[in-house]
Amino acid sequence: MRPPPVAVAPASLWPEITIVTDAALCFATWNINSIRARAHLVHDWLDRNPECTLLALQEIKCEEHQFPSSFAEAGLHVAILGQKAYNGVAFISRRPISVTMQGLPGVTDPASRYIEVECDGFRLGNLYLPNGNSGGDEGYARKIAFFDGLTERSRTLLAQKIPFAFIGDYNVCPTDADLAPGALSAQDALVRPETRSAFRRLLWTGLTDALRALHPSGPYYTFWDYQSAAFQRNSGIRIDHALLSPRAAERLKSVSIDRDERAREKCSDHVPVIIKLA
DNA sequence: ATGGCTATTGATAATAGA
């Protein structure tokens, strides 16, 4: 057991903020678009990224019992919230993890889209937000309802003074700088003003968009459509994000997007985003 | 305007993704 963090400065604007000495931590998020189709890519990636302690996966597209056993057999810790055919989120970790939540309070959508774990005193929420383009008004309402649930969850964790990150596929381009010209129509649920507003309401609970904190301008994409040679044309969008609690944000060292993964054979249409905390 | 890619399934055509 490691000792609890030692506070050396008083709380400021956010009650959770204190300057602390915590162990370094590296984690990543990756919408894998079927773990069964791409388990080998995940193993390869983990082998090449030994410093990454936790990997959050989205769209595993299987039930718990269908999740490849190779990860646990390799000595990795696994936490899964799955369902048949669609959605599904999971953690693969080099360190022990305990599940603190499955699904978000108040979110009635039965789809498997949120799992949260504790690891060495840090909390990680792994989310796959509804796309919102299908299912008409009801489908879009589920997207906004998920944002509301996540916003409430942020307030709860902040009130509990737990350092955390919400990582995953948010299915939102926060600003026009987060998509290539022409990559999406203006009516798309990923860029609708109501979607961006919901994202900002979540941010304004006191969270930090890790990539933009370190890279305020310029195009950074995490998804390229399989169609129309989108990757070759770099017609991408940034929809996979890491939002950090204040105490986590103070420790932010780097954010990197592993775009090389998009060039691999039979790859996912998303690439890993890696976050390092001091 | 359409199709274009890729995955899934009480498939082999439909649905969802983004």
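Order of the sequence lines sets the chain letters (A, B, ...), proteins ahead of strands, with each chain counted from 1. Because the structure is predicted, anything quoted here is derived from the model rather than measured.
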Tell me: CZ of A/Arg38 to P of B/dC5, nearest whole Å?
16 Å

Find the distance A/Gln83:CD to B/dG17:C1' and express it as a whole number of Å.
13 Å

How would you label the contact of A/Ile237 with the nucleic acid (heavy atoms, under 4.0 Å): base, sugar-phosphate, or nothing?
sugar-phosphate

DNA chain B: 5'-proximal contact among A/Ser228 and A/Gln66 (nearest heavy atom):
A/Ser228

Nucleotide of B/dG4, B/dG17, B/dA7 approaching A/Ser134 most closely (side-chain heavy atoms)
B/dG17

Give a yes/no answer on whether the side chain of A/His270 brings an N or O atom under 4.0 Å of OP1 or OP2 in B/dA18.
yes

Please pick, from B/dG17, B/dA18, B/dG4, the nucleotide with the shortest atom-to-atom distance to any side-chain atom of A/Tyr226.
B/dG17

In this structure, how many angstroms lie between the C1' atom of B/dG4 and the CZ atom of A/Arg233, rounded?
11 Å

For the pair A/Ser245 (side chain) and A/Phe164 (backbone), establish whether a donor and an acceptor sit closer than 3.5 Å, ignoring hydrogens and angles.
yes

Please report the distance, rounded to the nearest Å, between CG in A/Asp169 and C1' in B/dG17.
10 Å

Tell me whether the side-chain N/O atoms of A/Asn31 come closer than 4.0 Å to OP1 or OP2 in B/dA18.
yes

Whole angstrom is fine here: how far is it from CZ in A/Phe223 over to P in B/dA16?
17 Å

Listed partners of A/Tyr86 passing ring-ring contact (aromatic ring centres under 6.0 Å, His included), at least two apart:
none

Check: A/Val172 main-chain N/O paired with A/His241 side-chain donor or acceptor under 3.5 Å
yes

Which nucleotide in B/dT15, B/dT9, B/dG17 has an atom nearest any side-chain atom of A/Tyr128:
B/dG17

Spacing between A/Arg36 atom CZ and B/dT6 atom P, to the nearest angstrom:
18 Å

State which of B/dG4, B/dT9, B/dA18 makes the closest approach to the side chain of A/Gln227.
B/dG4

Determine the interatomic distance between C1' on B/dA1 and the same-named atom on B/dA11; round to the nearest Å.
29 Å

For A/Asp269, answer base if it contacts any base atom (sugar-phosphate contacts may also be present), sugar-phosphate if it contacts only those atoms, and nothing otherwise; contact means non-hydrogen atoms under 4.0 Å.
nothing

Does the cation-pi check pass for A/Arg153 over A/Phe166, that is, NZ or CZ under 6.0 Å from the six-membered ring centre and within 45° of its axis?
no

Would you please confirm or rule out a distance under 4.0 Å between OP1 or OP2 of B/dT6 and any side-chain N or O of A/Asn33?
no

Rounded to whole Å, the CD-C1' distance (A/Glu265 to B/dT6) equals 14 Å

So does A/Lys61 get a backbone contact from the side chain of A/Arg36, meaning a donor-acceptor N/O pair under 3.5 Å?
yes

Which whole number of Å gives the distance between the P atom of B/dG10 and that of B/dT15?
14 Å

With respect to the side chain of A/Arg113, which nucleotide from B/dG17, B/dG4, B/dA18 is positioned closest?
B/dG17

Between A/Leu129 and A/Cys267, the residue closer to the 5' end of DNA chain B by nearest nucleotide is A/Cys267

Between C1' of B/dA16 and NZ of A/Lys61, the distance in whole Å:
7 Å

Side chain of A/Ser34: nearest nucleotide among B/dG17, B/dA18, B/dT8?
B/dT8

Does A/Asp240 reach a base, just sugar-phosphate, or nothing at all? Heavy atoms under 4.0 Å.
nothing

Check whether any side-chain N or O of A/Arg123 sits under 3.5 Å from a backbone N or O of A/Glu116 as a donor-acceptor pair, and report yes or no.
no

